[in-house]
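What follows is a set of notes on a single structure, which appears directly below.
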Amino acid sequence: MELIAALTSGAIILFAFLTEGHLSSTWTAALYISAYVIGGLAKAKEGIEDTIKNKDLNVELLMIIAAIGAASIGHWWEGAVLIFIFSLSGALETYTMNKSHKEISALMDMQPDTALRIVNGQTEEVHVSELKVGDQFFVRAGERIPADGNIVRGSTSIDEAAITGESMPEEKSAGDEVFAGTLNLNGSITVELTKPSEESVFQKIIELVHNAKSEKSPSQLFIERFEGIYVNIVLTAGVLLLFVPHYLFDWSWETTFYRAMIFLVVASPCALVASIMPATLSAISNGARNGILFKGGVHVENLGQIKAIALDKTGTLTKGTPEVTDVYIREGLDVHEIFNIIGSIEKQSTHPLAKAIVRYVKSQKIEPDLTVDNMQDVTGKGVTAQIGSETWKIGKPEFIGNQEVESFQNGISRSLADQGKTLVIAADENGIAAMLALKDVVREDAKEALGKLKRAGIRTIMITGDNDRTAQAIARECGIDEYYTNCLPEDKVDHIRNLKEAYGQVAMTGDGINDAPALATANLGIAMGEGTDVALETADIVLMKNDLSKIADAISLSKRMSRIIKQNVIFSIAVIILLLISNFAQTLNMPLGVIGHEGSTILVILNGLRLLK
């Protein structure tokens, strides 16, 4: 509603300006008054309420008083434009702030409200909050786990992307820990609650996001302090100018009032506001055209100040889904036939690795079409199946036999493992028939993007929930300066806080729910456009085309914007000082004050619009 009111006010002001001289003065005044009310009512109400609450004057009141002062001596246009600019900036700020609250509700949707508690061998559905430490609950295949605990019976694969961000499922069995909000893929399990639901890792994510979003930046606190000082000085000076010059300089009452009104007009920060907003909006528009979505001007400005950038691995530096990178076939076997057999068996499975293998087989122009019989899933290890009269086993190296795997193809498995790749072995009755290596491959643009950042003097850090071997391989491939592994969401937050202490301004780039707390804790959060809703809502900047190289472009844009804003601010302050001096010297009349004030405003706007290119 604020934005609609501001735009409506602007439209009325434009109409009044274009028709001035064609309509009666009464109608013109009525149009300007309606623009005042529509555009300024919300800000006036906010200013009065804040003044009463905080017992301190604010910029909202100063804008209203300055606008009314201009109107009182017949300069409706000045006051109306002042109201319009201020209400528009306030509306855009409110809109951005409201958007940031959606991530909490999006997070809550990921955690089940109920659990199947086991009592005397029977299950009963209860609200998660009713579970107590020591209670056991049942989780079926395909369901999300409702609370943190340890498995006491059963084994399964768990998709922990919501917590760790890793695309590879974790095999879990009795004694292993599971987390609320993660997905149980293929086996029924019984879990014993180890902590109350409000203390779960998932709840910590929600709490961390909420707390980080409510924290005010140092620059914001400085602006708030400056706002009170500025308003008090201007209003106090305005009140004094209504009386003091009459007695001190023997000005007439008419001259005194006239000079006081000119003071309110030329001292109003219209040009200062215009120094920042048009330049900021131009930078945001420029970014949007190039696939960079800034959620607010402050984030454009902050981006140019970062000294280090932390990056999640899965979905950020890598594509987020496993791909077959290497294939080794036993000598003497027909490659087409082996791929058909493996693809036909894996097509029966829903496991992410199986899906990746089927995609690879199809990419080789082979459509798996063999009949698969007696397929059995050996949870956490692999599958067995029959193709015709032959029995096949496909799965982890230990499922086939570690010693046999290590001797296959002159021990190539060790080299593949050192590269952070996951091995899937296919064996028939005569031994290993094929070895496939899979990896969450690095994005094509990642190396280029990191190179640009390092040339800009920005330190690069990878923070991942994956293991050390995989992380080391990715870091080496991408040229990462440092990395941290096996990180849960709270660990990522701790690392971000430590990096902030070490480097000052730190950005975090991620795409998953597990990245949301770190995105919110960093000075600047950057989300990948194909990331989760929570990451997109939490982040300050979104790379809409998932192009990491755009970060360096955005930093360059940020630095350009900062230079232009500094030029505008210095110029507008200089003009205000010149106008104030001229007013006290009585060499400035209202029309010249209007020309000087609005002229400086137009110039800084035009300077800011250069960022559109």
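Numbering starts at 1 and runs along the sequence shown.
- Legend: residues meeting side-chain hydrogen bond (donor to acceptor under 3.5 Å, both in side chains) with S9, ordered by chain and number and at least two apart, are absent.
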Go through the steps to decide whether I12 and F15 satisfy the test side-chain contact (heavy atoms from CB on, under 4.5 Å), and finish with yes or no. CA-CA 5 Å; I12 294 172; F15 178 75; 5.7 Å; no

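- In this structure A283 satisfies the side chain to side chain contact (heavy atoms under 4.5 Å, CB included) test together with V300, L557, M561, L611, sequence neighbours excluded.
- Between W253 and H246, the ring planes lie parallel to each other; the angle is under 30°, not in the 30° to 60° tilted range.
- The two residues F294 and G287 have their closest heavy-atom pair at CE1-CA, 4.2 Å.
- When all heavy atoms of V569 and S572 are compared, the closest pair comes out as O-OG, 3.0 Å.
- At most 12 non-hydrogen atoms from other residues, nucleotides or ligands lie less than 6.0 angstrom from NZ of K307.
- The heavy-atom pair separating I292 from A554 by the smallest distance is CD1-CB, 3.8 Å.
- Contacts of L578 classified as side chain to side chain contact (heavy atoms under 4.5 Å, CB included), with partners at least two apart in sequence or in another chain: S582.
- In terms of heavy-atom proximity, F243 sits nearest to T256 at N-CG2, 4.0 Å.
- When D445, I551, L317, L548 are each tested for a side chain to side chain contact (heavy atoms under 4.5 Å, CB included) with L450, only one passes: L317.
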Which is it for L242 and M261 under the side-chain contact (heavy atoms from CB on, under 4.5 Å) test, yes or no, and what are the steps along the way? CA-CA 9 Å; L242 287 172; M261 291 304 99; 4.3 Å; yes

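- The two residues S34 and L31 have their closest heavy-atom pair at OG-O, 2.6 Å.
- A salt bridge does not link R443 to D547: none of the charged nitrogens lies less than 4.0 Å from a carboxylate oxygen.
- In terms of the side chain to side chain contact (heavy atoms under 4.5 Å, CB included) criterion, residue partners of F571 (sequence neighbours excluded) are, by chain and number, V575, S600, L603, V604.
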Report the C-alpha separation of D312 and D511 in whole Å, then their side-chain angles, then the decisive distance to 0.1 Å, and conclude whether the side-chain contact (heavy atoms from CB on, under 4.5 Å) test is met. CA-CA 8 Å; D312 173 49; D511 73 314; 3.2 Å; yes

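- To the nearest 0.5 angstrom, M462 atom CE is 9.0 Å from T318 atom OG1.
- Ion pairing between R497 and E501 fails under the 4.0 Å rule for side-chain N and carboxylate O.
- Defined by atom type and a distance below 3.5 Å, a donor-acceptor pair is present between the side-chain atoms of N607 and Q567.
- Residue Q586 holds its CD atom at 6.0 Å from OG1 of T255, rounded to the nearest 0.5 Å.
- Proximity of a side-chain donor or acceptor of K492 to a complementary backbone N or O of L519 within less than 3.5 Å is not detected.
- Checking side-chain atoms of N583 against main-chain N and O of L579 turns up no donor-acceptor pair under 3.5 Å.
- Applying the side chain to side chain donor-acceptor pair (under 3.5 Å) test to pairs two or more places apart or on separate chains, none has a residue in residues 553-564.
- Here K454 pairs with D481 under the salt bridge (charged side-chain N to carboxylate O under 4.0 Å, His left out) rule; sequence neighbours left out.
- Remark: Y484 pairs with H495 by the ring-ring contact (aromatic ring centres under 6.0 Å, His included) rule, at least two apart or across chains.
- Note that CG of N523 and CD of Q505 are 4.0 Å apart. Values are rounded to the nearest 0.5 Å.
- Applying the side chain to side chain contact (heavy atoms under 4.5 Å, CB included) test to A507 and every residue at least two apart in sequence or in another chain returns I306, I309, L524, I526.
- Between atom NZ of residue K313 and atom OG1 of residue T464 there is a gap of 5.0 Å, rounded to the nearest 0.5 Å.
- T8 meets the side-chain hydrogen bond (donor to acceptor under 3.5 Å, both in side chains) test with no other residue; sequence neighbours excluded.
- When every heavy atom of A539 is checked against every heavy atom of A527, the shortest pair comes out as CB-CB, 3.4 Å.
- Applying the ring-ring contact (aromatic ring centres under 6.0 Å, His included) criterion to F249, with sequence neighbours excluded, gives W251.
- At a threshold of 4.5 Å between non-hydrogen side-chain atoms, the residues L241 and R259 do not count as touching.
- Legend: residues meeting salt bridge (charged side-chain N to carboxylate O under 4.0 Å, His left out) with R459, ordered by chain and number and at least two apart, are E482.
- Not counting sequence neighbours, W27 has no partner by the ring-ring contact (aromatic ring centres under 6.0 Å, His included) test.
- The distance from atom CZ of F263 to atom CG of L580, rounded to the nearest 0.5 Å, is 6.0 Å.
- Atoms CG and CD1, from D515 and I463 in turn, are 9.0 Å apart once rounded to the nearest 0.5 Å.
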